[in-house]
Protein chains: 2
Amino acid sequence: MASNRGHFETVFEFVEACESLTRIDAVLAAVQSMAEPLGFSSFIITGLPLPNRPLEPLVLLNSWPAGWSKRYLSQNYFQIDPVGQHAFATSAPLRWGDAPYRKEARLAQQVMGEAVEFGLRDGVLVPIFTATGWQSAISYASGHKLDLGPKDMAAAHLLAITAHSRLRSLLSEERNLRRKLTPRERETLAWIAAGKSAWETSSILGISEATVITHLNNIRRKLNVANTTQAVVVALQAGELQPY
Amino acid sequence: MASNRGHFETVFEFVEACESLTRIDAVLAAVQSMAEPLGFSSFIITGLPLPNRPLEPLVLLNSWPAGWSKRYLSQNYFQIDPVGQHAFATSAPLRWGDAPYRKEARLAQQVMGEAVEFGLRDGVLVPIFTATGWQSAISYASGHKLDLGPKDMAAAHLLAITAHSRLRSLLSEERNLRRKLTPRERETLAWIAAGKSAWETSSILGISEATVITHLNNIRRKLNVANTTQAVVVALQAGELQPY
DNA sequence: ACTGAACTCCTAAGATGTTAGGATAGCAGC
DNA sequence: GCTGCTATCCTAACATCTTAGGAGTTCAGT
C-alpha cells in the first residue's frame, strides 16, 4: 500500500488532468491507473436503476472481468446483490463487507460466492448523489482483502466523483449526436412531462391537438415504449428533455 | 488572492471534513468559509429544472443576498439568465462573463443589470453532471471582478462537487422523514413509471385494478399533480421511486 | 377501546390517450 | 429532380385514465 500522502497528491493531479481527457477510454485508463495503487484491480461506474429495471442501460464505464460483467448484468444480479441494494441507503463510501444482508438470503450469498470465483473478493462502493434523487455509484473491486484507512477511502471517493463528472460530460456530448427526437417532439414532451394534456400542450405551442397527438405517437414509436408516461421517463434518462 | 497551493490544500481538508458535517447549515457555513478566500461572497447550489419549470423547488443551498434571491426565484429569472441557460451546454466551470447571450436579449441584460445592483458583479458557475441526464450546478458570486487561474477554478470545482455530494446525502436523509407516499403507493407508481397500465400493474402486484386506480388517485392528490405522467416526474425528482 | 393510517375493493360517467389510417407543405442533401 | 425528414392537420374506433363517490379490514399507537 502506497503512502496516504502520495495517494492524495496523485488523486489531486488526476482531478486537474481529468478535465482534459476527451475520450471515454482515456478516462477508463486514467481511473484504472489511479485505482491500482489503492489496491483495486477493476471498477464499474453506473447509474442506479429504478425498482424492477435493469442496470445495464445505465452503466457508464466498466472494467470488471468480462465473464463476471456479462453474468451480473444479464442475470440482473444488481437486484439481488446486497452491495448494490445498499447503495441506495448509504451516503458514505461503503466497504463491500459492511453491506448488510439477511442470512436467509441464499441468492445474495450465491452472488457473492460467484464474484469470488471471478477474483472479486473485496471492494468499495462509492455512491454519487444527484440533485433529483437519482443516484449513481462506482464500485471498485479487489482480488484480495483490503486494508484501507479513511484517507484511502477519501481518495477513492474523490477519484469517483471526479471521473463521474468528466464521464457525464463526455457521454452528454456523445448523446447529443444520437438523439432520437426532433426539436419539436422534445418541446412537446417537455410540456407533457409538466402535466399538460395534449389539448393544453397544443394551445401552448399554438398548433392543433391532432399534431400534438401525432408527435406523441412518433415519440412513443421512436423510444419504443408502451405509453406517454414511460416515454417521459425514458426521455429523462436519455437526456432528451433539456434545452440545447 | 491567496496562493494557489493554499487553496488546494484547504479544499482538500474540506473534502475530508465535509463527510462529518451532519447539518445543512454547517455545510453552508463550511462552503462559505471555503469560498471567501477564493474571492466569492455568496453562492447557490441547485438542481437545474426542466424546460418551463421553476427553479425554486430544486434549490439545495442558498447564500445569495435575500432580496436578489427572492426576486430571481419568484420572477423565474433562471429561464432568462444566460448563465443559467448555459449551464446546460457547458461541462467545465464557467466564468459568468463568458456566458454567451444575444445582443437583442434585452431581458437577459436587464437580469444581469439587476444582479449588479445586489452586489453580484462576477462569478463562476460549476455544472454538476448526474447519471441520468439531470444536472445540478453551483453558482459562486462575487462583488468585484475576479482574477482566477485554472487552479482556482479547479478548487472551486472540487469544493462544489464535494459539498453537493454531502448535501445530497443529508437532504436524502431528511427527505426520507417527509415522504408523502406510502410503500404500496411507491411500489405501484414504480411499475406505472416502467410503462405498465393500471391493469398490468394490478396483475403484477396481485391486487385488483380498482385498487391500483385508487392508489393512483391518492398519489395524484398527495403530489398535487394533474395526471399520472406528472406524478411520475414529480416522484422521481422527490426521490420517491427508490427502494428503502 | 378507540383512532388514524394503510390497504383493499366497488360503480359509473366523462375525459383523455392510443391506434391506424391518410394527407399536404417546406426544406436540406444527394 | 428525387428522397427523406420535419412539421402540420384530419377522422374514427377503441382503450385507458380520471373523477367522485362509497365501504370493509387490518394493524399500530394512544
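Proteins get letters first, then strands, A, B, ... in listed order; numbering begins at 1 in each.
Side-chain atoms of B/Tyr77 and B/Glu114 include a donor-acceptor pair closer than 3.5 Å. For the 3.5 Å distance criterion, the side chains of B/Trp96 and B/Ser139 qualify, holding a donor opposite an acceptor.
Legend: residues meeting salt bridge (charged side-chain N to carboxylate O under 4.0 Å, His left out) with B/Arg221, ordered by chain and number and at least two apart, are absent. In this structure, A/Arg220 has no salt bridge (charged side-chain N to carboxylate O under 4.0 Å, His left out) partners at least two apart in sequence or on a different chain. The side chain to side chain contact (heavy atoms under 4.5 Å, CB included) test applied to A/Thr214 returns A/Asn218, not counting sequence neighbours.
Without hydrogens or angle criteria, A/Asn62 side chain to A/Ile44 main chain gives no donor-acceptor distance under 3.5 Å. Of the possible polar contacts, one joining the A/Ser202 side chain to the A/Trp199 backbone as a donor-acceptor pair under 3.5 Å is found.
Near DNA chain C, defined here as any heavy-atom distance below 4.0 Å, the residues from residues 193-221 of chain A are A/Ser197, A/Ala198, A/Ile213, A/Asn217, A/Arg220, listed numerically.
In B/Asn217, the CG atom is crowded: over 12 heavy atoms of neighbouring residues, nucleotides or ligands sit closer than 6.0 Å. Atom CG of A/Asp98 has more than 12 neighbouring heavy atoms from other residues, nucleotides or ligands inside a 6.0 Å radius.
Comment: A/Lys180 does not engage A/Glu185 in a salt bridge, judged by the lack of any side-chain N to carboxylate O separation of less than 4.0 angstrom.
For DNA chain C, the span of nucleotides reached by chain A at under 4.0 Å from its heavy atoms goes, 5' to 3', from C/dG17 to C/dT19. Here chain A contacts DNA chain D (any atom closer than 4.0 Å to a heavy atom, that is under 4.0 Å), and the contacts span D/dT6 to D/dC10 from 5' to 3'.
Comparing B/Asn227 and B/Pro183 by the nucleotide of DNA chain C that holds the closest heavy atom to each, the one mapping nearer the 5' end is B/Pro183.
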